[in-house]
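In what follows, chains carry the letters A, B, and so on, assigned in the order in which the sequence lines appear, proteins first and then strands, with residues in each chain numbered from 1. In this text, all values refer to a predicted model and were calculated from it rather than measured experimentally.
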Protein chains: 2
Amino acid sequence: MTTTPGNLFIISAPSGAGKTSLVKALLQTGIDLKLSISYTSRPARDEEADGRDYHFVSREVFEQKLKQDEFLESAQVYGNFYGTSKKWINETIVSGRDILLEIDSQGARQVRDAFPATVGIFVLPPSLEVLEKRLRNRAQDSPEAIGRRLASAREEIGHVGEYDYVIINDDLDKALQDLKCIVHAESLRMTKQLVRHHSLITQLGEVPVP
Amino acid sequence: MTTTPGNLFIISAPSGAGKTSLVKALLQTGIDLKLSISYTSRPARDEEADGRDYHFVSREVFEQKLKQDEFLESAQVYGNFYGTSKKWINETIVSGRDILLEIDSQGARQVRDAFPATVGIFVLPPSLEVLEKRLRNRAQDSPEAIGRRLASAREEIGHVGEYDYVIINDDLDKALQDLKCIVHAESLRMTKQLVRHHSLITQLGEVPVP
């Protein structure tokens, strides 16, 4: 039996849209989908585990991988490197598993260049008030940091038109249903189904004429 | 507020795939979607109601409408005419309602030429055995009629590649979930959402930089 290649989903959102909670809720439904774990050169925080939150590597190792073209997309944020393993993505897709990449619009563009069949999903907060409130509630941030986050959220929202689907995250349960439906509907795409049900379609196409 | 144009869904299947039951089940979920009622020149059967099953018109009226280019697609089957009203489709889509058209692959091609954004869904039976059984169970048909149906099913299945989605109708409940998910996911398409949530996106794009 031929394995149907998995779909590569990208989910992006401005900070404060609730994307992380949404992805967590999706994974908890037991959906057959693998979350891509990025490589990073930044040190692990106390609550973070290697291989679960990130693959933590030294700056030297990261730069070597970068030089060897091992990343599908990579970015430098506040002096730290982040990247997605090309090899893992390729192997996982070929094995028939769907993948979810949680990256920003810049990374999304790099991935789309390599995998044009990528399915992009953009998550928006339900209102400006909610966005501002969510950004202010992150207590550790200074007003300047909040200001920067708002500006960067605005910049990111400007890329919404580059995505295939848009989810408004007003109610988490509803947004989760939206996300599940998108993932499921994409598995029903003709090009996927013709591979998945190849023998059935061959059999049906040979319906005997009595 | 701008109305988001509705989606135009086409559902096609070989005879025996269970499409009619599936569409009936979908409409019974209370989904906000209008089934297009075809015009036909054939006489109404006892159990059929005008305006519910078809718009029954005389051959003369049908031919006049055909001449006045009132049909989005039309076909002649066993001497009877069938056609889909262009005006109704246009008005319903503009009003923001989704439409479902139950037509064959020939009609689908005509509709796609006029509405390239049409979403095509093809329904397949789970196996050749099930297809043959379903066709044989239609007691009123002679062996010759069954043979013709099988041949025409085979011909229709050859068009599966012209559709966007494929549903395997093994279990009606599962197929119904598939169909509902496709309709819902298509409503979350970026191009739809940008119109539907135009004021939200404008507001979010104007996030003030403090």
> Does A:Asn169 reach the main-chain N or O of A:Val123 with its side chain, forming a donor-acceptor pair under 3.5 Å?
Replying inline: no
>> Just so I understand: if I count every heavy-atom pair under 4.5 Å between each of A:Glu156, A:Glu162, A:Gln193, A:Glu186 and chain B, which residue has the most?
In response: A:Gln193
> Do you know which two heavy atoms are closest between A:Asp164 and A:Gly120, and how far apart they sit?
Replying inline: OD2-N, 2.7 Å
> side chain to side chain contact (heavy atoms under 4.5 Å, CB included) with A:Ile182: which of A:Ile11, A:Asn7, A:Ile167?
Replying inline: A:Ile167
> Just checking, A:Arg42 and A:Phe81: is the charged tip under 6.0 Å from the six-membered ring centre and within 45° of the axis?
Replying inline: no
> Do A:Arg112 and A:Tyr163 meet the cation-pi criteria used here (NZ or CZ under 6.0 Å from the six-membered ring centre, within 45° of the axis)?
Replying inline: yes
>> Shorter than 4.5 Å, heavy atoms on both sides: which option in B:Glu155, B:His197, B:Lys180 has the most such pairs with chain A?
In response: B:His197
> Where on B:Pro125 is there a heavy atom nearer than 4.5 Å to chain A: the side chain, the backbone, both, or neither?
Replying inline: both
>> For chain B, which candidate among A:Ser199, A:Gly158, A:Ser127, A:Ser187 shows the most heavy-atom pairs at distances under 4.5 Å?
In response: A:Ser127
> Considering all heavy atoms of both residues, which atom of A:Thr118 and which atom of A:Phe115 are nearest to each other, and what is their separation?
Replying inline: OG1-O, 2.6 Å
>> At a 4.5 Å cut-off on heavy atoms, which part of B:Val183 comes close to chain A: side chain, backbone, both, or neither?
In response: neither
> Which region of B:Leu188, side chain (C-beta onward) or backbone (N, CA, C, O), has a non-hydrogen atom less than 4.5 Å from a non-hydrogen atom of chain A, or is it both or neither?
Replying inline: both
> Looking at B:Thr191, B:Ile121, B:Val160, which makes the most heavy-atom pairs under 4.5 Å with chain A?
Replying inline: B:Val160
